Q: 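Take this structure, written in structure tokens, and hold onto it; I'll ask about it next.
What you see is a predicted model, and the numbers here were worked out from it, not measured in a lab.
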Amino acid sequence: MSDPEELYELTADADGVPQGLHLVMGLTGFADAGGAVAQFTDYLLTTLDHTVVASFDTDTLLDYRARRPIIYFDQDHLTNYQPPSLRLYLARDEIGQPFLFLTGFEPDFRWEQFTAAMLRLVDRFTVASTTWVHAIPMPVPHTRPVGVTVSGNRSDLIENRSVWRPHTQVAANVLHLLEYRLQERGASTVGYVLLIPHYLGDTEFPAAALSALESTSASTGLIFPTDRLREANREFVARIDDQVQSNPELAKLVGTLEQRYDAYMEGSPLRSPLTDEAGELPSADEIAAELENFLALRRSRDDGAAS
């Protein structure tokens, strides 16, 4: 494996990063149901003070043909080419607490080298803990709080916040690999999988971003401004409720999902709010099929936007 430090370049501001900060991570490119990670990362970058401390080599890590950059065509010439980026920031929360924030595209290539690079940065900055988020579509209602599956070695968070604890194989994200390597070291790490209503998987669901922020706060103690997102979510849910009321089939679906969710939360023998009428949990193949359908819709939408 090549030298991990060849993948990134530190800025002059890296020397001023305090030791022992929390590291928060969110990467786009895989299953970002409800636009959770995209909203979460964009919200933090647009509302908090931040500065770049390290930039990763896009040419080495990104498959441009799979995720083509956007360039602007201005009547008769090209302008404003902005390739994707993957950067580590020093940011400050609403009350000025500093933390490290990794965001950008998920690497297509050199996962082991990228993971080793991140471990170097964790060591360099004596990172106190790592927290990362992603989101998948699941059969749950939008009228109830966004559920979370928690991984890592924070038993307190797993016990108090993890709604669904499956035994199953999943398609990995590069941050799964980083979490795995951190666990091998015994370093404090937590991953949050947000369980997004499958019928809202291809939307920008503000509650998904709110759940990401609240989950991150739970594991780090960081405080984030959420008023704008909460207002956006109230407006979004009102529009969805209008659509549900005007569509009997959708109303029946949401009602059924609500019954399953409520029965589980009230201590029903159902093992999960994801179970069906017979009390059966969706199989790994069924969940994978739901996820693949979601990804296929995203690819179709992206292809249509590019044409």
Side-chain angles (χ1 to χ4, degrees), residues 6-13 25-91 101-111 113-114 117 133-137 171 173-175 194 196 198-209 212 228-229 231-233 235-236 239-240 243 291-307:
E6 293 178 354
L7 282 184
Y8 63 86
E9 181 177 350
L10 295 172
T11 70
D13 291 317
M25 302 177 289
L27 303 181
T28 59
F30 181 45
D32 188 18
V37 176
Q39 291 184 89
F40 169 67
T41 57
D42 180 68
Y43 195 75
L44 292 183
L45 290 178
T46 56
T47 59
L48 302 181
D49 291 335
H50 60 276
T51 184
V52 178
V53 297
S55 295
F56 284 86
D57 185 352
T58 300
D59 273 355
T60 299
L61 296 174
L62 179 69
D63 182 350
Y64 285 90
R65 292 185 297 175
R67 288 183 279 182
R68 295 184 181 274
I70 300 299
I71 193 167
Y72 185 72
F73 192 94
D74 187 3
Q75 297 189 54
D76 58 2
H77 63 284
L78 301 174
T79 64
N80 197 29
Y81 171 65
Q82 295 184 346
S85 63
L86 176 55
R87 293 171 178 158
L88 181 67
Y89 296 88
L90 173 64
F101 182 40
L102 178 74
T103 185
F105 64 88
E106 180 189 9
D108 293 301
F109 306 117
R110 302 201 183 189
W111 277 23
Q113 188 181 6
F114 171 76
V133 297
H134 71 127
I136 61 173
N173 178 301
V174 72
L175 295 182
L194 310 179
I196 307 301
H198 62 288
Y199 53 91
L200 299 180
D202 205 33
T203 70
E204 287 196 352
F205 185 28
R228 179 161 57 88
L229 268 178
E231 178 60 29
N233 189 60
E235 294 175 358
F236 181 91
R239 292 195 299 270
I240 295 299
Q243 294 181 35
L291 182 56
E292 180 56 34
N293 288 337
F294 168 66
L295 294 175
L297 284 172
R298 289 190 65 198
R299 287 192 294 268
S300 176
R301 180 196 64 189
D302 292 343
D303 290 344
S307 61

Q: Within the 4.5 Å heavy-atom criterion, are Y8 and L61 side-chain neighbours or not?
A: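 Of all side-chain heavy-atom pairs linking L61 with Y8, none is under 4.5 Å.
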
Q: Inspect the surroundings of CD in E9 and state if more than 12 heavy atoms from other residues, nucleotides or ligands are less than 6.0 Å away.
A: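 Not more than 12 within 6.0 Å, no.
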
Q: Within a radius of less than 6.0 Å around CG of D49, do more than 12 heavy atoms belonging to other residues, nucleotides or ligands occur?
A: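 No, CG of D49 has 12 or fewer neighbouring heavy atoms, counting only those of other groups under 6.0 Å.
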
Q: Grab the two heavy atoms, one from A54 and one from L10, that are nearest each other, plus how far apart they are.
A: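 Scanning both residues completely, I find the closest heavy atoms to be CB-CD2, 3.8 Å.
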
Q: For the residue pair P137 and H198, what are the closest heavy atoms and their distance?
A: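 Shortest heavy-atom separation between P137 and H198 comes out as CB-CA, 3.9 Å.
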
Q: Check step by step if side chain to side chain contact (heavy atoms under 4.5 Å, CB included) holds for F56 and L102.
A: CA-CA 10 Å; F56 284 86; L102 178 74; 4.0 Å; yes

Q: I would like to know whether D74 and T79 meet side chain to side chain donor-acceptor pair (under 3.5 Å); could you show each step before the answer?
A: CA-CA 7 Å; D74 187 3; T79 64; 4.9 Å; no

Q: Can you give me the closest heavy-atom contact between T28 and R67, atom names plus distance?
A: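 Distance-wise, the nearest heavy atoms are O-NH1, 3.2 Å.
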
Q: Does the T41 side chain pair with the main chain of G104, one donor and one acceptor, at a distance under 3.5 Å?
A: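 Absent.
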
Q: Looking at A209 and F40, what are the two nearest heavy atoms and their distance?
A: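 Taking A209 first and F40 second, the nearest heavy atoms are CB-N, 4.1 Å.
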
Q: With side chains defined as the heavy atoms from C-beta onward, is the minimum distance between R110 and D57 less than 4.5 Å?
A: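 They are not in contact (no side-chain heavy atoms under 4.5 Å apart), so the answer is no.
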
Q: Looking at H134, is its backbone amide N or carbonyl O close enough to the side chain of N173 to form a donor-acceptor pair, meaning the two atoms are under 3.5 Å apart?
A: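 No.
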
Q: If you count heavy atoms of other groups shown closer than 6.0 angstrom to OH of Y72, is the number above 12?
A: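 Counting neighbours around OH of Y72, 12 or fewer heavy atoms of other residues, nucleotides or ligands fall under 6.0 Å, so no.
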
Q: Taking all heavy atoms of A33 and all of I196, pick out the closest pair and write down the distance.
A: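 Taking every non-hydrogen atom into account, O-CG1, 3.6 Å.
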
Q: Identify the two heavy atoms, one from L27 and one from V174, that lie closest to each other, and give their separation to 0.1 Å.
A: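 Nearest heavy atoms, L27 then V174: CD1-CG1, 3.8 Å.
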
